[in-house]
Protein chains: 2
Amino acid sequence: MALRHAVLAALLDGELSGYQLAKAFDLGVANFWYARPQQLYAELARLEKEGLIAGREVVQETRPNKRLFQVTDAGLEELQGFAAAPTKPSFIRDDLLVKVQAADHVTTTALIAQLSERAAFAQAKVDLFDKLLRTMRGDRTEEEFLHHGSRIGPYLTCQRGLAFEQGNRDWCERTIAALRERQRTRARP
Amino acid sequence: MALRHAVLAALLDGELSGYQLAKAFDLGVANFWYARPQQLYAELARLEKEGLIAGREVVQETRPNKRLFQVTDAGLEELQGFAAAPTKPSFIRDDLLVKVQAADHVTTTALIAQLSERAAFAQAKVDLFDKLLRTMRGDRTEEEFLHHGSRIGPYLTCQRGLAFEQGNRDWCERTIAALRERQRTRARP
DNA sequence: TCTACATACTCATGATTATGACTACTCATA
DNA sequence: TATGAGTAGTCATAATCATGAGTATGTAGA
């Protein structure tokens, strides 16, 4: 049950509606977790019933009303407990890696296409995260921000996301190069 | 349904028993996927029933008999189809990131302990992957191996695993430093 | 000799995630 | 004046993953 904690952590930055939260989690902009809108609405309902978050209705005229949620004291305690409990290790789980693992027994042309698609996707996220980091630290240097800024949590997780996507991009590119080279040299034996 | 393809991809390197496969997947040595033994036995049974793998009994004297599995032609076709189909993007999903996201609202001492545990774990995997890569390429250089070696799939995925764990380790260390620094300067205001 | 650990699995059940389909209103654009 | 896209959600169900417990044998170390 880590989604609930991811939601709590996301709400620490201020009140959000289910829809806003869903967008962040769905696009993966929330670079520390990923979830579908339906999961989030369900989780928000559960969290509210348990008193870990509190919602308030905001009436809107031009568009549907929405509910903004914020973390309660009980919610903070829950997060505290979660943070203190031992963390289980996380593993990669990626379809693309499975495909590359099988690269020697499978058509590589389609695989290369998918790798370059992934590389482009990763690059887009690199750009996004880079922008986000700059926005968060404003005109301060990174060191200054990390020492004196309030709310460095999102900054730190964003750094991990950045490095992860850089790693993705670089690996995709090097893998493409390796597969292409073999295609070339093995085309006419 | 990607576990089935991960199993097929793992069996490309040669016949394996459920137990051997389970060890690889459970320890996460299979750095392109992760699964528990029970999942694997269930998946192996399903794959065999569908004719994608074939098992043969090996009688042993000093220990329980085992069944070795290998991919059939139908299994290869299945893998081929999987590799050609579009890949959905993969996202990070890590409890530790959730905790760091909440770092500003939560006790950092326990968090730092977990970060250094994770850093050590990541370092151990870095060492392991490094060793695996050297074993795979033997006395050839990386370039030579990637050009002329048979079975480069496992090598490529292992490279991704290595970079991922290096990233983990580095991020953990820098995050620890940042949190420690704040603890120090904020201890006595 | 007792204990723990390694090999080699199976069964059952619960928790979590993923997916598709639906409602309802507004705004911009072709 | 359709058409599509954005806001703001809900419902139901299928697929997948995780967990605990249990079976049976052999080998090495305290």
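The figures here come from the full heavy-atom set of this structure, side chains too, leaving out hydrogens, waters and symmetry mates.
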Between B/Arg160 and A/Asp170, is the closest basic N to carboxylate O distance under 4.0 Å?
no

Can you tell me how far C1' of C/dC9 sits from CG of B/Leu16, to the nearest Å?
16 Å

For B/Gln60 and C/dC9, give me the distance from atom CD to atom C1', rounded to whole Å.
13 Å

Rounded interatomic separation in angstrom, taking CD from B/Glu57 and P from C/dT7:
18 Å

Chi angles and distances behind the ring pair (Phe, Tyr, Trp, His ring centres under 6.0 Å) call for B/Tyr34, B/Phe25:
CA-CA 5 Å; B/Tyr34 164 80; B/Phe25 275 74; 8.7 Å; no

Mapping B/Arg93 and B/Tyr19 onto DNA chain C by nearest heavy atom, which one lands closer to the 5' end?
B/Tyr19

Nucleotide D/dT7, atom P - distance to CG of A/Asp26 in whole Å:
13 Å

Interatomic distance, B/Lys88 NZ vs C/dG20 P [rounded to whole Å]
9 Å

Taken to the nearest whole Å, CZ/A/Phe25 to P/C/dA18 is 13 Å

Phosphate-side-chain proximity, A/Lys23 and D/dG6, N/O vs OP1/OP2 below 4.0 Å:
no

Could you tell me whether the phosphate oxygens of D/dT7, OP1 or OP2, come under 4.0 Å of any side-chain nitrogen or oxygen in A/Ser17?
no

Per nearest nucleotide of DNA chain D, the residue lying toward the 5' end, B/Gln39 or A/Ala42, is A/Ala42

Any B/Arg67 side-chain N or O less than 4.0 Å from OP1/OP2 of C/dA8:
no

Salt bridge or not for B/Glu144 and B/Arg137, using N-O below 4.0 Å?
no

Between atom CG in B/Leu21 and atom C1' in C/dC9, what is the gap in whole Å?
13 Å

By nearest-nucleotide position on DNA chain C, the 5'-leaning member of A/Arg46 and A/Glu61 is A/Arg46

With the threshold set at 4.0 Å, does a side-chain nitrogen-carboxylate oxygen contact exist between A/Arg134 and A/Asp130?
yes

How do A/Pro37 and B/Leu3 order along DNA chain D: which one's closest nucleotide is nearer the 5' end?
A/Pro37

Looking only at side-chain atoms of B/Tyr34, point me to the closest of D/dC17, D/dA18, D/dG9.
D/dA18

Looking at A/Gln38 and C/dG20, is any side-chain donor or acceptor paired with a base atom of the opposite kind under 3.5 Å?
yes

Between A/Glu15 and A/Arg56 (salt bridge meaning N to carboxylate O under 4.0 Å), is one present in this structure?
yes

Rounded to whole angstrom units, what separation is found between the CZ atom of A/Arg63 and the P atom of D/dG6?
12 Å

